[in-house]
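Before any comments, here is the structure.
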Amino acid sequence: SHLHNFLQELPKCEHHMHLEGALTPEVLFNLAKRNNIALPSDDEAFASPEALLARYNRFTSLDDFLHYYYIGMSVLVEASDFEDLAMDYFRHANVDGVAHAEVFFDPQAHLSRGISYATVLTGFTSARQRAEKEFGITSELICCFLRHLPVPECIETFKNADLQASFKNGAVTGIGLDSSEKPFPPELFKEIYAGAKELGLRRTAHAGEEGPATYISNSLDVLNVERIDHGIRLAEDEELLRRVAKDGTMLSVCPLSNVVLCCVKEVKEVPIRKFLDVGVKFSINSDDPAYFGGYVLDNYCAVHEAFDLTIDEWSGICRAGIEGSWCSQTRKDELI
Ligand code: ADE
Ligand code: ZN
């Protein structure tokens, strides 16, 4: 779009991207070979990177995507795989003009395959250090829990000594809740979020992507989250909209993801205009860029195409993103 350069140069913060979602089909195939990981032989989508990419263009739902997402990450084995993956994301983020990124990862999806938490964290931590040194991009790590797994298993993972150490030494800033949204309401995870608050961790949860607006209100009321990831179905509840606006709770909206996963038919259906009118704060994010056909700037451009926002509106969106970030006040002051 004609605002491409302006949007590129805005000091953008990304708050919703899953590092495992930065795995491109090409890297996936290379790592499968290098790490001797067998890809499903009974699914034609795994015939080639091109076939896999073509399959990504036909996702029918969140769960249809997650099936491929979990198979994909099975090729990540060594700390260097995790580091390379995150660096691939940070290089794109740099080109797109991202100044600060708060990125998710899914430890349970690796622990269950016999990959240690130390392996995952070592790789991601070195990439974060390199991104700051090479690109000046600051970042925070958000540890997500997989809501489709049995709650006792999630609680056990939260209490795992390696995770607890990373919560206490600052390697991890906050927790999130992701994977299949329905039928796994937020209140199931009350104990984990209470424990996280006790530790002084920041807290967010995916809610209102496919699930109803009550998943948003219960994330706020029961989990005490400070942000909502997606939250597009907030638009269905006028009273909750006004409450979220009044409290200044930020949504991390992912427009291209919503289209690719069939939560909406087109970007125009994402309630961006409604959020602006009501004064709901939101940031714009890529979610799983390697799977959804775009990094963060593609999402900004798609929103601009759909809503024709003014320069002031864009500046306001980026400012809200800085203010809603979980970096230090010193870093926020640099970004504003
Ligand atoms: N894991 C990765 N991307 C996700 C999304 N958009 N929703 C829920 N879980 C996810
Ligand atoms: Zn997500």
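Throughout, residue positions are numbered sequentially from 1 according to the sequence presented. Ligands are counted one by one from 1 in listed order, and the atoms in each one are counted from 1 as well.
- Closest approach between the Zn ion (ligand 2) and any N/O/S atom of Asp287 involves OD1.
- Under 3.5 Å, the side chains of His15 and Trp326 contain no donor-acceptor pair of N or O atoms.
- Among the atoms of Glu209, none of the N, O or S atoms falls under 2.8 Å from the Zn ion (ligand 2).
- Looking only at protein heavy atoms, the nearest one to atom 9 (N) of ligand 1 is Ser179 N, 2.8 Å.
- Looking only at N/O/S atoms, His16 comes nearest to the Zn ion (ligand 2) through NE2.
- Between Leu76 and Leu85 the shortest side-chain heavy-atom distance falls below 4.5 Å.
- Interface atoms of ligand 1 facing Leu66, defined by a heavy-atom separation under 4.0 Å, are 1 (N), 10 (C).
- At least one heavy atom of His230 sits less than 4.0 Å from an atom of ligand 1.
- In this structure, Phe189 has its ring center no closer than 6.0 Å to that of Tyr193.
- When ring centroids are compared, Phe104 and His206 come within the 6.0 Å threshold.
- Under the 4.5 Å side-chain criterion, counting only non-hydrogen atoms from C-beta, Ser139 is not in contact with Glu132.
- Contacts between Phe65 and ligand 1 below 4.0 angstrom, taking non-hydrogen atoms only, involve the side chain exclusively.
- Of the residues listed (Tyr89, Tyr117, Phe82), the one engaging Phe124 in a ring pair (Phe, Tyr, Trp, His ring centres under 6.0 Å) is Phe82, and it is the only one.
- Surrounding CD of Glu236 are more than 12 heavy atoms belonging to other residues, nucleotides or ligands, all under 6.0 Å away.
- At the top of the distance list for atom 6 (N) of ligand 1, counting protein heavy atoms only, stands Asp287 OD2, 2.6 Å.
- Taking atom 3 (N) of ligand 1 as the reference point, the nearest protein heavy-atom neighbour is Asp288 OD2, 2.6 Å.
- In summary, His18 places an N/O/S atom under 2.8 Å from the Zn ion (ligand 2), meeting the contact criterion.
- The Zn ion (ligand 2) has no N, O or S atom of His230 under 2.8 Å away, backbone or side chain.
- Residue contact check: His18 has heavy atoms under 4.0 Å from atoms 1 (N), 2 (C), 3 (N), 4 (C), 10 (C) of ligand 1.
- In this structure, CD1 on Ile311 lies 5.5 Å from CG on Leu3, to the nearest 0.5 angstrom.
- When each of Asp178, Thr157, Leu66 is checked for a side-chain contact (heavy atoms from CB on, under 4.5 Å) with Leu146, only Asp178 meets the rule.
- Per residue His206, closest N, O or S atom to the Zn ion (ligand 2): atom name NE2.
- What sits closest to atom 7 (N) of ligand 1 on the protein, heavy atoms only, is Glu209 OE1, 2.8 Å.
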